[in-house]
2 protein chains.
Amino acid sequence: MKLTSKGRYAVMALVDLARFNNINPVSLRDISLRQGISLDYLEQIFLKLRKKEIVQSVRGTQGGYILNKKAKEIKLINIFEAVDEKVKTVQCKKESKKGCNGKAVKCLTHNLWDELENHINNFFDKKSLEDLVKDNSERRVSNG
Amino acid sequence: MKLTSKGRYAVMALVDLARFNNINPVSLRDISLRQGISLDYLEQIFLKLRKKEIVQSVRGTQGGYILNKKAKEIKLINIFEAVDEKVKTVQCKKESKKGCNGKAVKCLTHNLWDELENHINNFFDKKSLEDLVKDNSERRVSNG
DNA sequence: TATAAACCCGACTAAAATAGTCAAGTATCT
DNA sequence: AGATACTTGACTATTTTAGTCGGGTTTATA
Ligand code: FES
Ligand code: FES
């Protein structure tokens with residue numbers, strides 16, 4: 001079970017964006033440099049974030065991206081959904097009555113994985129971008 | 001973020017094993033047939049489970065595997081560790097002071113992923129094989 | 001004591017997913 | 001005009017996963 005770079009980068013980039021989001025749009029170039037993420041890859045990621053209306057783009061010189069909602073209203077789960085970083089624990093199709101092994105009954109562990117999926121998604125439901133930004137600036141202060 | 005087949009199969013096979021664990025060892029062949037998991041793959045998995053002393057093997061005809069501990073004492077986390085199904089959310093080495101981007105400081109999201117990892121492992125810490133077996137027989141009863 | 005069932009183990013491989021790169025745009029500011 | 005920056009689709013290398021395969025060894029039992 002591991003988190004992919006795409007999901008990790010999406011969140012990292014948005015935290016960066018949210019911190020500098022005051023007045024001017026933030027360019028991917030800047031995020032790329034600050035966070036050490038490939039610019040080309042960031043573009044792919046932000047395309048999706050824009051399509052899901054998490055960010056807005058500003059084209060041209062001095063352009064970049066700005067948040068499309070308040071940081072408080074952007075939850076981790078929204079970010080992950082936008083970039084297709086799904087939590088997938090069951091093997092079968094949930095709606096189907098068939099199990100993962102093709103049999104007519106759900107497998108011995110189906111319910112366990114379903115519980116797990118909920119458990120993880122709960123975490124993502126609660127965390128907002130605002131939380132992350134705050135968390136970070138607090139840490140910075142307390143570190144000196 | 002998804003669960004791999006190896007981890008899923010390991011748990012599935014052990015639940016199966018635990019249910020039939022009364023007197024005689026359970027052969028992988030039987031588990032393979034009941035659960036629809038490749039026998040060769042199961043052998044790989046059980047090799048690891050044995051090395052981590054979760055199961056014991058009985059060689060020869062009529063052989064198979066038996067649990068090496070009480071089902072209550074086998075936690076999901078032990079199973080996952082045994083088959084190397086680690087939960088990995090941070091990118092960096094935790095012990096190192098360096099961040100995932102190679103910089104001298106942990107990245108903006110490090111703490112978040114660390115929290116997530118704990119959140120997930122908590123779930124695995126709590127669930128025992130016994131829970132899973134019970135869960136399953138209850139379901140069976142209440143369904144029929 | 002031959003045979004078959006079952007575990008033991010290392011090496012190999014096909015397929016899928018991931019993590020990018022690349023190329024060719026379009027819009028906007030100065 | 002030129003530079004900056006977003007837009008988009010296609011392509012590719014690498015890694016991981018999910019097995020397969022082949023050749024063992026051990027042991028019950030006919
Ligand atoms: S995971 Fe749903 S039936 Fe096995
Ligand atoms: S995940 Fe640990 S520093 Fe980025």
Side-chain angles (χ1 to χ4, degrees), chain A residues 1-13 17 20 24-68 80 83-89 91 100-101, chain B residues 1-13 17 20 23-33 35-52 54-66 68 80 83-89 91 100-101:
Chain A
M1 284 217 90
K2 70 183 167 212
L3 192 64
T4 67
S5 289
K6 193 165 55 176
R8 185 180 295 109
Y9 289 166
V11 177
M12 210 185 288
L17 173 53
F20 289 88
N24 301 314
V26 180
S27 73
L28 293 189
R29 198 180 124 77
D30 286 353
I31 298 180
S32 164
L33 289 174
R34 277 194 295 257
Q35 304 305 327
I37 304 170
S38 144
L39 178 57
D40 282 317
Y41 204 19
L42 272 179
E43 287 181 341
Q44 280 188 41
I45 290 170
F46 272 75
L47 183 66
K48 294 184 180 197
L49 292 173
R50 182 172 62 79
K51 285 190 175 158
K52 289 298 168 70
E53 301 182 335
I54 291 177
V55 296
Q56 263 190 337
S57 69
V58 179
R59 301 183 69 160
T61 322
Q62 311 287 24
Y65 287 92
I66 53 178
L67 292 183
N68 199 25
F80 274 14
V83 300
D84 308 309
E85 173 85 21
K86 304 183 191 95
V87 175
K88 184 160 170 38
T89 56
Q91 178 79 338
C100 53
N101 38 27
Chain B
M1 280 217 93
K2 71 182 165 213
L3 192 65
T4 67
S5 288
K6 192 165 56 176
R8 185 180 295 108
Y9 290 166
V11 177
M12 209 185 287
L17 172 53
F20 290 87
I23 309 153
N24 301 316
V26 180
S27 74
L28 293 188
R29 199 180 123 77
D30 286 355
I31 297 181
S32 164
L33 289 173
Q35 304 304 327
I37 304 171
S38 144
L39 177 58
D40 283 317
Y41 204 18
L42 272 180
E43 287 183 341
Q44 279 188 40
I45 291 170
F46 273 74
L47 185 65
K48 295 184 180 197
L49 292 173
R50 182 173 60 79
K51 286 191 176 159
K52 290 297 168 69
I54 291 177
V55 296
Q56 263 188 339
S57 69
V58 179
R59 301 186 70 160
T61 322
Q62 311 287 23
Y65 288 90
I66 54 178
N68 199 24
F80 275 14
V83 299
D84 308 308
E85 173 84 22
K86 304 184 190 95
V87 175
K88 183 161 172 28
T89 57
Q91 178 78 339
C100 54
N101 38 27

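In what follows, chains are A, B, ... by sequence order, proteins preceding strands, each numbered from 1.
In this structure A/R50 satisfies the side-chain hydrogen bond (donor to acceptor under 3.5 Å, both in side chains) test with no other residue, sequence neighbours excluded. With sequence neighbours excluded, the residues satisfying side-chain hydrogen bond (donor to acceptor under 3.5 Å, both in side chains) with A/K48 are A/D84. Remark: B/S38 engages no residue in a side-chain hydrogen bond (donor to acceptor under 3.5 Å, both in side chains) (not counting sequence neighbours). A/T89 meets the side-chain hydrogen bond (donor to acceptor under 3.5 Å, both in side chains) test with A/E117; sequence neighbours excluded. For A/R8, there are no salt bridge (charged side-chain N to carboxylate O under 4.0 Å, His left out) partners, not counting sequence neighbours. Every residue meeting the side chain to side chain contact (heavy atoms under 4.5 Å, CB included) condition with A/L67, not counting sequence neighbours, appears here in chain and number order: A/L14, A/L17, A/A18, A/N21, A/V55, A/A71, A/I74, A/L129.
Of the inter-residue distances, the one linking B/N101 atom CG with B/Q91 atom CD reads 9.5 Å to the nearest 0.5 angstrom. To the nearest 0.5 Å, atom OH of residue A/Y9 and atom OG of residue A/S32 are 10.0 Å apart. Rounding to the nearest 0.5 angstrom, the gap separating the CE atom in B/M1 from the NZ atom in A/K88 is 14.5 Å. Atom OG of A/S5 is separated from atom CD1 of A/I45 by 8.5 Å, given to the nearest 0.5 angstrom. Considering CG of B/L39 and CD of B/Q44, their distance stands at 11.0 Å, rounded to 0.5 Å.
Taking 4.5 Å as the limit, every side-chain heavy atom of A/V11 sits out of range of all side-chain heavy atoms of A/E85.
Note that the first and last nucleotides of DNA chain C, 5' to 3', having any atom under 4.0 angstrom from a heavy atom of chain A are C/dT18 to C/dC29.
A heavy atom closer than 4.0 Å to some atom of DNA chain C occurs in A/T4, A/S5, A/K6, A/Y9, these being the qualifying members of residues 1-9 of chain A. Less than 4.0 Å separates DNA chain D from at least one heavy atom of each of the following residues of residues 34-47 of chain A: A/E43, A/Q44, A/L47.
What separates NZ of B/K88 from P of D/dT15 is a distance of 14 Å, to the nearest Å. Between the CG atom of A/N24 and the C1' atom of D/dA5 there is a distance of 14 Å, rounded to whole Å.
By the 6.0 Å contact criterion, NZ on A/K86 is open, its count of non-hydrogen atoms from other residues, nucleotides or ligands being 12 or less. Within a 6.0 Å sphere centred on CD of A/E43, heavy atoms belonging to other residues, nucleotides or ligands number more than 12.
Listed by first and then second residue, the ring-ring contact (aromatic ring centres under 6.0 Å, His included) pairs involving residues 46-67 of chain A are A/F46-A/Y65 (not counting sequence neighbours).
One end of the helix from C/dT1-D/dA30 to C/dT30-D/dA1 points its axis 10° away from the other end's axis, with each axis taken from 5 pairs and the angle rounded to 10°.
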Would you tabulate the nitrogen or oxygen pairs shorter than 3.5 Å linking the protein to nucleotides 1-3 of chain D?
none

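Taking for each of B/R59 and A/L28 the nucleotide of DNA chain D with the nearest heavy atom, the 5'-most of the two is the partner of A/L28.
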